[in-house]
Amino acid sequence: MEGCVVREEPLCPGARSEKQRSSTGSARGCSSGGRWRDAEGGATVKIEDPSTGSIIAEVADASVSDGTAALDAAVDAQASWASTPPRERGEILRRAFELIGERTDDLALLMTLEMGKPLSESRAEIAYGAEFFRWFSEESVRIAGRYSVAPNGATRLVTMKQPVGPCLMITPWNFPLAMGTRKIGPAIAAGCTMVVKPASLTPLSMLALAGILTEAGLPDGVLNVVTTSHTGQVMEPLIRDPRLRKLTFTGSTEVGRTLVEQSAEGLLRVSMELGGNAPFLVFGDADVDAAVDGAMLAKMRNLGEACTAANRFIVHRSIAEEFATKLTERMSALRVGRGTDDGVDVGPLVEGKQRDKVAGLVADAVDHGANVLTGGAAVDGAGYFYAPTVLADVPTTARMFGEEIFGPVAPVFTFDTDDEGLAMANDTEFGLVAYAYTRDFSRAIRISEGLETGMVGINQGVVSNPAAPFGGVKASGFGREGGLEGIDEYLETKYVGMAL
Ligand code: NAP
C-alpha cells in the first residue's frame, strides 16, 4: 500500500489491523486501486487518543500542491462520473452501506480511539452515518425533471437536473464519519466528484470510509481525501479555484463566515451546517420523566459535543425543581472513563482546549450565581475528562446562555409564560434545532411555528434522521442534508425551451 503512513502502536489495534491500515493515511486518498500518496516532502500530522494524550497514528500533512492535485483528480473524473448510470452510482452506495455494517466493530474502535466517545456511541454514529448511503442509494434513481406546455402553447418547457460538478467538503471532528456520509452520499448519487477534508483531530474514520468506497467500486478520482494541518492555507486556493463548483461545510459559525466570503469569488453553490445553541423547553404540563429521558439524549449524545446538543434547558417554574432533581440523579449516575472500556457512558472531550472552554463557561455561570447540582469540574488524571454537570438557577446573563457549550453540562433556566419561554428560546443568533415537551397539541403547534430554528423535536430528544432535511437558519447556516432536499444541494436545474 503506497504512501500509507500510519505508525503502528499497541494502543491503536484498529489502525494496526491490515484492513484499517490499507484505508488510512493519505494526502490525496486517491481511491482507485487503493493507491495512497504521501504528502509533499513526506510531512505528517500526529493523531492523538484524547483518553490518554498518546499518539496513535500519523497521516499525511498535505501541502497546497497536494490539495490542488486532489482537485485535479476530481475535475478529471467529473464528466465520466456524471454520465455513469444512476443505478450504478446507487449500487456503489448500497455496497458501501453494507460494508460499513459488516465492519462496524473495526470502525467503532478506530473512531473511539481518535475521538474519545464510548464504543456504543461510535457504533450509533456508524449506523446513522451508513443510513445516508442507503437513503441516497435509493434517491440516485429518482432524480427527475419536468415537462410542461408553455402558457401560450407555442413552446415546450423541459426542466432537467444535472450534477453541480466538483465539490469541496470540509467536515468537523465531532462526528468523524457521519458528517462525511451526509455529504458524500448525495454527491455520489447526483453524479458529482469531490475533495473531502476531514478535521485534523479525527481523519482516520474518513480515510477508512474512503477505503470502503473504493472496495465498493467507486471509480478513481470521484472521491479524494486531503488531510492537512495547514488547513486555511490549503483550502483557500481550492475554494477560489474556478474549477470548483460547490463548497459544503460543517463546523463552527466563525469558520463558516470566512468560507462564505471566500466562496463569493467563484459564486459557488454553498451549504453551511454551522454551530447551534439549542433550547430545550419543558412546559408545565409536560411528562417530566419523559422530558428527563429526552434531556439525557439531547444533552449527552456524543458527550454534548454535538451541534444539536441541548444547550439551554428552559423549564417552567412550576416543575423546574423536579426536572433539575431528576436530571441530576441521571447525570450523576453516568460512568466517566476511557471510551474503549466496558460500561463507560462518558468519554473525554476531544482536546484540552475544548475542556478548558467548558470549564470556563461553568466558572462564569457560577460567578453569575448558578448552583452546581452535580459535577462542575474537570476530572483529574490523564485525558480530557469533564464530569457530567447540572447547574440550576442559571441567569440569562451567564455566557452559556449565548454560547455553544459543546460538553456534558446542562444549565437549567426558568420561565413563567409561554411567550416568555419562546422569547428566551429565540434569544440567540443561532437557529439549528429546538426541543419542546408538552402534552398540549395546540401549544406544540404554536411553539413549533414560533421557534426560529431549522428543526424542532416535539417530545423527543433526537431529531437526526437520514430521511429528514437536517439544517439550520440564522447563524446556524443554510442548506439541508438528508431527506428529499439533500440531493438537491448537488443538482443544478437546467431549463430547455423547445419551439414546435
Ligand atoms: P471548526 O473549527 O469550524 O472546524 C471544522 C472544519 O473546518 C475542520 O475540518 C477544520 O479543519 C476546518 N477549518 C478550520 N479552519 C478553516 C479554514 N480557515 N478554512 C477551511 N477550513 C477550515 O469546527 P469544529 O470545532 O471542528 O466543529 C465543531 C463545530 O461544528 C461546532 O460549532 C458545531 O456546532 C459544528 N457542527 C455543526 C453541525 C451541523 O450540522 N450544523 C454538525 C456538527 C458540528 P482543522 O480540523 O484542520 O482545523
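Side-chain atoms are counted along with the backbone in the values below, which use heavy atoms only and exclude waters and symmetry mates. Remember, it's 1-based here, ligands and their atoms both numbered in the order they're listed. The shown structure was predicted, so the numbers you read here are calculated from the model rather than taken from an experiment.
- With sequence neighbours excluded, the residues forming a side-chain contact (heavy atoms from CB on, under 4.5 Å) with A216 are I92, R95, A96, L99, listed by chain and number.
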Return all side-chain donor-acceptor pairs below 3.5 angstrom for residues 468-478, not counting sequence neighbours, or 'none' if the list is empty.
{"unit_1": "K474", "atom_1": "NZ", "unit_2": "N426", "atom_2": "O", "d": "3.4"}
{"unit_1": "K474", "atom_1": "NZ", "unit_2": "T428", "atom_2": "O", "d": "2.8"}
{"unit_1": "K474", "atom_1": "NZ", "unit_2": "E452", "atom_2": "OE1", "d": "2.8"}
{"unit_1": "S476", "atom_1": "OG", "unit_2": "G275", "atom_2": "O", "d": "2.6"}
{"unit_1": "S476", "atom_1": "OG", "unit_2": "G431", "atom_2": "N", "d": "2.9"}
{"unit_1": "S476", "atom_1": "OG", "unit_2": "L432", "atom_2": "N", "d": "3.1"}

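- At a heavy-atom cutoff of 4.0 Å, ligand 1 is surrounded by I170, T171, P172, W173, N174, M179, R182, K197, P198, A199, S200, T228, T231, G232, M235, F249, T250, G251, S252, V255, L259, E273, L274, G275, G276, C307, E404, F406, L432, F470.
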Name the atoms and distances for all side-chain donor-acceptor pairs under 3.5 Å in residues 394-401, with sequence neighbours left out.
{"unit_1": "R399", "atom_1": "NE", "unit_2": "E403", "atom_2": "OE2", "d": "3.0"}
{"unit_1": "R399", "atom_1": "NH2", "unit_2": "E403", "atom_2": "OE1", "d": "3.4"}

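- Although no hydrogens or angles enter the test, the distance criterion places a donor-acceptor pair under 3.5 Å between the side chain of K299 and the main chain of A310.
- In this structure, E139 contributes its side chain and G185 its backbone to no donor-acceptor pair below 3.5 Å.
- Under the 3.5 Å distance criterion, the side-chain polar atoms of D241 are left unmatched by any main-chain donor or acceptor of L238.
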